Amino acid sequence: QVQLVESGGGSVQAGGSLRLSCAASGFAARSSCMAWFRQAPGDEREWVATIDIIAYITSTRYADSVKGRFTISQDNAKNTLYLDMNNLKPGDTAMYYCAAARWSSCSGRRSQSDFSYWGQGTQVTVSS
């Protein structure tokens, strides 16, 4: 049974940092396209970042709004996905979701419909 469990959310002031974790079970995260999405109240869920490992090469992709501030990574031994968030802004306030696709490549995959498995989310609140 595939399961994704996020943790690490919280409340921080603008300019602060947080690290989100997503513990995967029931499958090997290194063999799947993995992603972080976020959803603010009243907004649609939006893609934040993806990571895949193809032929031992790790590729990461980021939304323009977080590029240079957020870093997606994964620990294959722990089967855990991470999102390191630095220089947080009030606009980053949202529920953050971890997602996994049924395929290994993330190329071109930024839509919710590309991902079959989702965690329950972890709340991030950034105050000014």
Side-chain angles (χ1 to χ4, degrees):
Q1 181 182 355
V2 173
Q3 192 171 16
L4 299 170
V5 179
E6 300 99 333
S7 61
S11 297
V12 296
Q13 289 191 327
S17 300
L18 282 174
R19 173 177 248 206
L20 305 184
S21 299
C22 172
S25 59
F27 75 108
R30 67 179 180 274
S31 298
S32 298
C33 167
M34 301 293 295
W36 287 98
F37 283 76
R38 67 186 183 185
Q39 187 170 18
D43 291 346
E44 294 187 355
R45 192 170 297 187
E46 65 172 355
W47 169 73
V48 174
T50 50
I51 185 170
D52 62 23
I53 304 175
I54 307 296
Y56 302 103
I57 297 174
T58 299
S59 297
T60 57
R61 302 165 182 88
Y62 299 92
D64 288 343
S65 59
V66 306
K67 200 173 294 183
R69 300 188 297 121
F70 290 12
T71 302
I72 188 172
S73 63
Q74 60 186 47
D75 184 327
N76 295 330
K78 295 182 178 179
N79 210 28
T80 299
L81 180 73
Y82 300 102
L83 185 68
D84 289 295
M85 306 184 295
N86 298 309
N87 191 21
L88 283 161
K89 304 175 181 180
D92 295 318
T93 295
M95 185 73 80
Y96 283 72
Y97 297 91
C98 167
R102 292 181 183 273
W103 28 73
S104 57
S105 173
C106 291
S107 180
R109 305 194 191 286
R110 302 181 179 184
S111 171
Q112 291 184 64
S113 60
D114 290 326
F115 296 87
S116 300
Y117 307 104
W118 294 83
Q120 83 289 348
T122 186
Q123 178 67 37
V124 172
T125 302
V126 184
S127 58
S128 57

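All values reported here derive from a predicted model rather than from experimental measurement.
- Here Asp64 pairs with Lys67 in a salt bridge; the nearest charged N to carboxylate O distance falls below 4.0 Å.
- A tilted orientation is assigned to the rings of Tyr96 and Phe70, their planes being inclined by 30° to 60°.
- Scanning all heavy atoms of the two residues, the minimum distance from Ala35 to Thr50 falls at CB-CG2, 3.5 Å.
- Crowding of Arg30 atom CZ: a count of heavy atoms from other residues, nucleotides or ligands under 6.0 Å not exceeding 12.
- Two different hydrophobic clusters hold Val5 and Tyr82 under the rule that ILVMFWY side chains link at heavy-atom gaps under 4.5 Å.
- One N or O on the side chain of Tyr62 and one on the backbone of Ile72 form a donor-acceptor pair closer than 3.5 Å.
- Put simply, the side chain of Thr60 never gets that close to the backbone of Ile51: no donor and acceptor are under 3.5 Å apart.
- If you take OG on Ser31 and CD1 on Ile53, they are separated by 8.0 Å, rounding to the nearest 0.5 Å.
- Shortest non-hydrogen contact noted between Asp84 and Arg19 is OD1-NE, 2.8 Å.
- A salt bridge links Asp52 with Arg61: at least one charged nitrogen is closer than 4.0 Å to a carboxylate oxygen.
- Between Gln123 and Met95, the shortest heavy-atom contact is N-SD, 3.5 Å.
- From Cys22, atom SG reaches atom CD of Gln3 across 10.0 Å, with rounding to the nearest 0.5 Å.
- Linking Ile, Leu, Val, Met, Phe, Trp and Tyr residues whenever their side-chain heavy atoms come within less than 4.5 Å leaves Leu81 and Trp118 in two separate clusters.
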- Message: Evaluate Tyr117 against Arg102 for side-chain contact (heavy atoms from CB on, under 4.5 Å), listing each step before the verdict.
- Response: CA-CA 8 Å; Tyr117 307 104; Arg102 292 181 183 273; 3.1 Å; yes
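- Contact detail for Ser107 and Ser105: the closest heavy-atom pair is N-OG, 3.1 Å.
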- Audit row: Asp92, Met85, side-chain contact (heavy atoms from CB on, under 4.5 Å) steps and yes/no: CA-CA 9 Å; Asp92 295 318; Met85 306 184 295; over 6 Å; no
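- Once rounded to the nearest 0.5 Å, the distance linking OG of Ser128 with CD of Gln13 reads 9.0 Å.
- Using a 4.5 Å heavy-atom cutoff, the side chains of Ser17 and Asn86 are in contact.
- In the hydrophobic clustering of ILVMFWY residues, with side-chain heavy atoms under 4.5 Å counting as a link, Tyr97 and Val124 come out apart.
- Val12 and Leu83 fall within the same hydrophobic cluster, where Ile, Leu, Val, Met, Phe, Trp and Tyr residues are linked whenever their side-chain heavy atoms come under 4.5 Å apart, directly or through other members.
- Within the 3.5 Å criterion, the main-chain N or O of Lys78 finds a donor-acceptor partner in the side chain of Thr80.
- Rounded to the nearest 0.5 angstrom, Arg110 CZ and Phe37 CZ are separated by 10.0 Å.
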- Query: Given Trp36 and Glu6, is the side-chain contact (heavy atoms from CB on, under 4.5 Å) satisfied, shown in steps?
  - Reply: CA-CA 10 Å; Trp36 287 98; Glu6 300 99 333; 3.9 Å; yes
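- Under a hydrophobic-cluster definition in which Ile, Leu, Val, Met, Phe, Trp and Tyr are linked whenever side-chain heavy atoms come within less than 4.5 Å, directly or via other members, Trp103 and Leu4 are assigned to different clusters.
- Counting only distance, with no hydrogens or angles, the side chain of Asn79 and the backbone of Ala29 share a donor-acceptor pair below 3.5 Å.
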- Item | Criterion side-chain contact (heavy atoms from CB on, under 4.5 Å) on Thr93 and Arg38, from CA distance to verdict | CA-CA 9 Å; Thr93 295; Arg38 67 186 183 185; over 6 Å; no
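- For Phe115 against Ala101, the heavy-atom pair with the smallest separation is CD2-N, 3.6 Å.
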